[in-house]
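Notes for the one structure printed next.
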Amino acid sequence: MDHVKTKFGKDFYDLFFQQYYHFRINGTRPVIIEENFSYGRSTQIKVIINNKIIHQYFSRPGKEFNTEMVRQSLYKVVRFFQQEEKNREQSQKYQ
């Protein structure tokens with residue numbers, strides 16, 4: 001789900017989900033990309049799963065920076081889903 005307001009946010013959203021589907025990440029919960037206006041002309045991008053902020057940063061112009069933030073965000077999203085799966089498996093063991 002996207003809650004973006006600028007071209008930078010839209011570019012991040014498009015690249016994020018292009019990579020998300022390319023790597024076939026099988027998330028159990030929806031991933032929300034949210035953008036809020038910040039100081040001056042910058043914005044803050046947040047990646048949220050289950051009302052928890054997984055990754056956030058202040059935007060900067062430049063395709064390389066945007067690509068790096070997508071990479072870091074995807075890494076943290078994958079780790080979140082892996083940890084969630086691990087917790088679910090441990091919970092089932094002890095029930």
Side-chain angles (χ1 to χ4, degrees):
M1 299 172 67
D2 75 337
H3 297 121
V4 296
K5 300 173 174 130
T6 65
K7 182 182 180 323
F8 183 85
K10 178 73 169 132
D11 290 346
F12 176 84
Y13 176 82
D14 291 343
L15 185 57
F16 179 87
F17 278 104
Q18 178 186 21
Q19 295 296 313
Y20 185 90
Y21 290 116
H22 174 75
F23 290 113
R24 301 176 200 259
I25 298 170
N26 189 17
T28 56
R29 302 183 185 274
V31 177
I32 299 170
I33 307 297
E34 185 176 284
E35 181 179 28
N36 296 315
F37 291 110
S38 186
Y39 301 108
R41 297 187 314 181
S42 93
T43 61
Q44 183 179 35
I45 305 285
K46 296 178 184 177
V47 179
I48 303 169
I49 302 175
N50 200 29
N51 293 326
K52 182 178 179 186
I53 297 173
I54 303 303
H55 185 70
Q56 67 181 346
Y57 67 95
F58 290 101
S59 63
R60 283 192 345 214
K63 187 172 182 171
E64 295 83 24
F65 179 76
N66 199 21
T67 303
E68 178 61 22
M69 290 298 106
V70 166
R71 188 188 68 73
Q72 288 182 22
S73 298
L74 282 171
Y75 176 77
K76 290 180 179 182
V77 165
V78 168
R79 287 200 47 207
F80 177 86
F81 287 136
Q82 288 173 343
Q83 188 63 40
E84 189 177 63
E85 181 65 28
K86 184 178 176 182
N87 290 344
R88 186 176 18 257
E89 288 173 3
Q90 287 179 350
S91 163
Q92 290 175 353
K93 285 181 186 178
Y94 297 113
Q95 289 182 354

Could you walk me through whether Tyr57 and His55 pass ring-ring contact (aromatic ring centres under 6.0 Å, His included), step by step?
CA-CA 7 Å; Tyr57 67 95; His55 185 70; 5.7 Å; yes

From [X] [atom1] over to [Y] [atom2], what is the distance, rounded to the nearest 0.5 angstrom?
X: Ser73; Y: Lys46; atom1: OG; atom2: NZ; answer: 13.5 Å
X: His3; Y: Ile33; atom1: NE2; atom2: CD1; answer: 10.5 Å
X: Ile49; Y: Ile32; atom1: CD1; atom2: CD1; answer: 9.0 Å
X: Leu74; Y: Lys76; atom1: CG; atom2: NZ; answer: 12.0 Å
X: Gln90; Y: Glu85; atom1: CD; atom2: CD; answer: 11.0 Å

Inspect the contact between Glu89 and Lys86 and indicate whether a charged nitrogen and a carboxylate oxygen are less than 4.0 angstrom apart.
no

Treating Ile, Leu, Val, Met, Phe, Trp and Tyr as nodes and any side-chain heavy-atom pair under 4.5 angstrom as an edge, say whether Val78 and Phe80 lie in one connected cluster.
yes

Same cluster or not: are Phe58 and Phe65 linked, directly or through other Ile, Leu, Val, Met, Phe, Trp or Tyr residues, by side-chain heavy atoms under 4.5 angstrom apart?
no

Working note: Gln56 + Ile45, criterion side-chain contact (heavy atoms from CB on, under 4.5 Å); need CA distance, chi angles, decisive distance, verdict.
CA-CA 5 Å; Gln56 67 181 346; Ile45 305 285; over 6 Å; no

Would you check if there is a donor-acceptor pair between the side chains of Asp14 and Gln18 at a distance under 3.5 Å?
no

Just by distance, no angles: are the side chains of Gln44 and Ser59 close enough, under 3.5 Å, to form a donor-acceptor pair?
no

Within the structure provided, determine whether [X] and [Y] are in side-chain contact (heavy-atom separation under 4.5 Å).
X: Arg29; Y: Glu84; value: yes
X: Ile54; Y: Ile48; value: no
X: Val31; Y: Phe16; value: yes
X: Val47; Y: Val77; value: yes
X: Thr6; Y: Glu35; value: yes
X: Glu34; Y: Ile53; value: no

Step by step, would you call Phe17 with Tyr20 a ring-ring contact (aromatic ring centres under 6.0 Å, His included)?
CA-CA 5 Å; Phe17 278 104; Tyr20 185 90; 5.5 Å; yes

Could you walk me through whether Thr43 and Ser38 satisfy the side-chain hydrogen bond (donor to acceptor under 3.5 Å, both in side chains) test, starting with their C-alpha distance in whole Å, then the side-chain angles of each, then the deciding distance to 0.1 Å, before giving a yes or no?
CA-CA 5 Å; Thr43 61; Ser38 186; over 6 Å; no

What do you reckon, is OH of Tyr75 surrounded by more than 12 foreign heavy atoms closer than 6.0 Å?
no

Do other residues, nucleotides or ligands put more than 12 heavy atoms under 6.0 Å from Asn87 CG?
yes

Could you pull out all residues at least two apart from Arg79 that satisfy salt bridge (Lys or Arg N to Asp or Glu O under 4.0 Å)?
none

Output, in order, the C-alpha distance, side-chain angles, deciding distance and verdict of side-chain contact (heavy atoms from CB on, under 4.5 Å) for Ser42 and Phe37.
CA-CA 7 Å; Ser42 93; Phe37 291 110; over 6 Å; no

side-chain contact (heavy atoms from CB on, under 4.5 Å) between Lys5 and Asn36: does it pass, once the steps are laid out?
CA-CA 8 Å; Lys5 300 173 174 130; Asn36 296 315; 3.7 Å; yes

What heavy-atom pair brings Phe8 and Arg60 nearest, and what distance separates the two atoms?
CE1-O, 3.2 Å

Listed by chain and number, what are the side chain to side chain donor-acceptor pair (under 3.5 Å) partners of Thr67, not counting sequence neighbours?
none

